[in-house]
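Here is the naming used below: chain letters follow the sequence lines, and residue numbers restart at 1 for every chain.
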Number of protein chains: 2
Amino acid sequence: MRISEAASLSGLKIDTIRYYEAEGLVPNVARGSDGQRRFSFENVDWLTLLFWLRETGMPMKVMQQFAALYAQGDETIPDRKEILLDHSRLLAKRRHDLDRCDEILARKLKIYEEYFS
Amino acid sequence: MRISEAASLSGLKIDTIRYYEAEGLVPNVARGSDGQRRFSFENVDWLTLLFWLRETGMPMKVMQQFAALYAQGDETIPDRKEILLDHSRLLAKRRHDLDRCDEILARKLKIYEEYFS
DNA sequence: TCTTGACCTTGAGTTACTCGAGGCAGGTAA
DNA sequence: TTACCTGCCTCGAGTAACTCAAGGTCAAGA
């Protein structure tokens with residue numbers, strides 16, 4: 001499929017997809033005879049994963065490592081698993097941060113309320 | 001107190017505090033006779049709030065609006081409340097994103113597991 | 001044939017820090 | 001007293017991760 005479709009399916013913007021490809025984050029993107037990118041379902045699946053990893057705060061360097069492993073084939077699955085498990089721990093931390101921020105907002109909002117009484 | 005203490009209490013780095021002050025995000029920072037910044041407890045409370053707002057994804061432009069309102073005094077409390085409530089809705093969205101990412105990671109990890117059996 | 005729309009590359013601009021260079025001020029050690 | 005060390009200061013450059021604008025190609029439709 002074309003880049004616009006890959007973008008709307010994955011959640012990434014067209015520019016971001018091109019940028020990620022240039023940075024080596026998206027292996028094996030084919031080109032048509034007209035020089036335009038053609039994305040396979042596997043490509044889109046990968047882009048979607050990148051979208052969610054970025055959305056939840058994975059740094060590009062880590063994504064680059066992850067992509068390099070992915071490009072090397074199935075024998076790197078244990079390493080990739082490790083990266084995803086690490087990220088999963090980061091998600092837990094972020095959830096905790098959200099809770100903390102909620103508390104702080106609630107406290108502030110309460111003070112703001114009290115100001116009007 | 002001095003900037004290093006304000007940094008360790010608020011969570012922000014020293015450089016970030018200076019940068020935020022330069023951008024107008026931190027009103028009323030006093031200076032000692034030696035030209036060094038002196039932070040009040042109110043300052044540190046404010047910095048801590050900024051830390052958590054940033055940590056949970058509030059863009060600087062919004063923080064700038066928020067700081068401008070804060071600098072204008074108590075009559076802007078309703079507007080500030082509105083900003084915090086908006087942010088609170090953003091937190092809910094982020095929590096939802098974390099859940100979504102968790103799902104996707106779980107699915108990937110399952111596939112990785114299956115690969116070894 | 002002309003135009004429209006989706007794609008291409010390259011390079012510059014933006015956001016939000018982050019770091020390094022060079023300098024002052026105050027306290028301690030020789 | 002002198003030397004040095006630490007913590008602060010400013011200013012300007014560098015970085016990360018996009019994001020956008022300029023200018024160009026190509027296929028399909030009016």
May I ask you to check whether A/D79 and A/T76 show a side-chain donor-acceptor distance below 3.5 Å?
no
Would you say the side-chain atoms of A/S10 pair up with the backbone N or O of A/A6, donor to acceptor, closer than 3.5 Å?
yes
Can you tabulate the close N/O pairs, meaning under 3.5 Å, that link protein atoms to atoms of nucleotides 6-10 of chain D?
residue : atom : partner : partner atom : Å
D/dC8   : OP1  : B/S4    : N            : 3.4
D/dC8   : OP1  : B/S4    : OG           : 2.8
D/dC9   : OP1  : B/R37   : N            : 2.9
D/dC9   : OP1  : B/R37   : NH1          : 2.7
D/dC9   : OP2  : B/R18   : NH1          : 2.4
D/dC9   : OP2  : B/R37   : NH1          : 3.3
D/dC9   : O5'  : B/R37   : NH1          : 3.3
D/dC9   : O3'  : B/R31   : NH1          : 3.4
D/dT10  : OP1  : B/R31   : NH1          : 3.3
D/dT10  : OP1  : B/R31   : NH2          : 3.1
D/dT10  : OP2  : B/R37   : NH1          : 3.3
D/dT10  : OP2  : B/R37   : NH2          : 2.9

Please check: side-chain N/O of A/D86 versus main-chain N/O of A/I83, any donor-acceptor pairing under 3.5 Å?
no
What protein N or O atoms touch nucleotides 1-4 of chain C N or O atoms at under 3.5 angstrom, if any, and at what distances?
none

Distance in angstrom units between A/L47 CG and D/dC18 P, rounded:
13 Å
Would A/W46 and A/Y20 count as a close aromatic pair, with their ring centres under 6.0 Å?
no
Please tabulate, one pair per line, each protein N/O and nucleotide N/O from nucleotides 14-19 of chain C that are separated by under 3.5 Å, including the distance.
residue : atom : partner : partner atom : Å
C/dA16  : OP1  : B/M60   : N            : 3.0
C/dC17  : OP1  : B/R54   : NH1          : 3.1
C/dC17  : OP2  : B/Y20   : OH           : 2.5

I'd like to know if A/D45 and B/K108 make a salt bridge, using a cut-off of under 4.0 Å between side-chain N and carboxylate O.
yes
Between A/R94 and A/D97 (salt bridge meaning N to carboxylate O under 4.0 Å), is one present in this structure?
no
Could A/R37 and A/E21 be called an ion pair, given the rule that one side-chain N must be under 4.0 Å from one carboxylate O?
yes
Is any side-chain N of the basic residue among A/K81 and B/E113 closer than 4.0 Å to the acidic one's carboxylate O?
yes
Taking NZ, NE, NH1 and NH2 as the nitrogens, is one of them in A/R95 or B/D102 under 4.0 Å from a carboxylate oxygen of the other?
yes
Answer yes or no: is there an ion pair linking A/E103 with A/R100, defined by an N-O contact shorter than 4.0 Å?
yes
Whole-Å distance, A/E23 CD to C/dT9 P, equals 14 Å
